[in-house]
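Okay, here's the structure, questions in a sec.
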Amino acid sequence: MRKIKAGTRLKPAARERLTRVLKSKYEKGASIRQLCEESGRSYGIVHRMLAEAGVQFRRRGAAGRAAEEAAPQPGERSGPILSRTAL
């Protein structure tokens, strides 16, 4: 993706193309901040374009969710439990 100079107004066709690219990259796992850096657009503009494209936004910190899902659930044992005397 080519970085666009800040403050440059996009023509409708260029905005639609950029929106499609941003949506595709976001759905593949890129963060909004990464998309801002790549495109040279502000967080607010990128977020607005994604919203207009109908993107299902991830929760904040969603990248850490994989670690949460791998963590043992309450009541599950994750490995050997040391006794107090072993400490």
Side-chain angles (χ1 to χ4, degrees):
M1 174 179 355
R2 194 173 61 162
K3 212 171 197 176
I4 303 164
K5 185 177 175 186
T8 303
R9 189 174 284 267
L10 296 175
K11 293 182 180 180
R15 182 181 167 96
E16 287 177 25
R17 273 194 307 275
L18 179 59
T19 300
R20 282 195 306 270
V21 170
L22 293 173
K23 179 180 179 183
S24 173
K25 289 186 176 213
Y26 183 80
E27 288 176 340
K28 290 179 182 172
S31 71
I32 295 177
R33 297 213 184 272
Q34 289 169 334
L35 296 174
C36 294
E37 184 67 31
E38 281 184 43
S39 66
R41 308 311 279 179
S42 71
Y43 185 96
I45 293 295
V46 171
H47 188 278
R48 185 177 313 124
M49 292 171 85
L50 292 172
E52 290 170 0
V55 166
Q56 178 76 33
F57 289 104
R58 297 185 292 268
R59 294 187 332 211
R60 294 178 85 181
R65 204 172 352 161
E68 286 177 19
E69 291 170 359
Q73 299 300 314
E76 278 184 21
R77 289 197 171 184
S78 61
I81 298 176
L82 301 174
S83 68
R84 279 189 128 354
T85 57
L87 300 174

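Position 1 is the first residue of the sequence, and the numbers go up from there.
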Would you give the length of the straight line joining atom SG of Cys36 to atom NE2 of His47, rounded to the nearest 0.5 angstrom?
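Cys36 SG to His47 NE2: 10.0 Å, rounded to 0.5 Å.
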Pairing of Arg33 and Glu38 as salt bridge, 4.0 angstrom limit
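The answer is no: the pair does not qualify as a salt bridge.
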Can you tell me how far apart CD1 (Ile45) and CD1 (Ile32) are? Round to the nearest 0.5 Å.
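Atom-to-atom, Ile45:CD1 and Ile32:CD1 are 12.5 Å apart.
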Flag yes if more than 12 heavy atoms outside Glu27 fall under 6.0 Å of its CD atom; otherwise flag no.
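Counting neighbours around CD of Glu27, more than 12 heavy atoms of other residues, nucleotides or ligands fall under 6.0 Å, so yes.
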To the nearest 0.5 Å, how far apart are OG in Ser39 and CG in Leu10?
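The distance works out to 9.5 Å.
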Once rounded to the nearest 0.5 Å, what's the spacing between atom NZ of Lys11 and atom CD of Glu16?
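Lys11 atom NZ to Glu16 atom CD measures 13.5 Å (nearest 0.5 Å).
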Got a donor-acceptor contact below 3.5 angstrom from the Ser24 side chain to the Arg20 backbone?
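Absent.
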Taking all non-hydrogen atoms of both residues into account, name the closest pair between Leu50 and Leu35 and its distance.
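What the structure gives for the nearest pair is CD1-CD1, 4.2 Å.
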Nearest atoms (heavy-atom pairs only) where Ala51 meets Phe57
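So the two residues come closest at N-CZ, 3.7 Å.
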Residue that, paired with Tyr26, satisfies side-chain contact (heavy atoms from CB on, under 4.5 Å) out of Arg58, Gln56, Gln34:
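Among Arg58, Gln56, Gln34, the one that satisfies the side-chain contact (heavy atoms from CB on, under 4.5 Å) with Tyr26 is Arg58.
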Contact summary for Val55 and Lys23, nearest pair of heavy atoms
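Here Val55 and Lys23 meet closest at CG2-CG, 3.6 Å.
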For the residue pair Arg9 and Arg15, establish whether any side-chain heavy-atom pair is separated by less than 4.5 Å.
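Arg9 does not reach Arg15 side chain to side chain.
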Got a second to check how far Thr19's OG1 is from Met49's CE, nearest 0.5 Å?
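Nearest 0.5 Å value for the OG1-CE distance: 3.0 Å.
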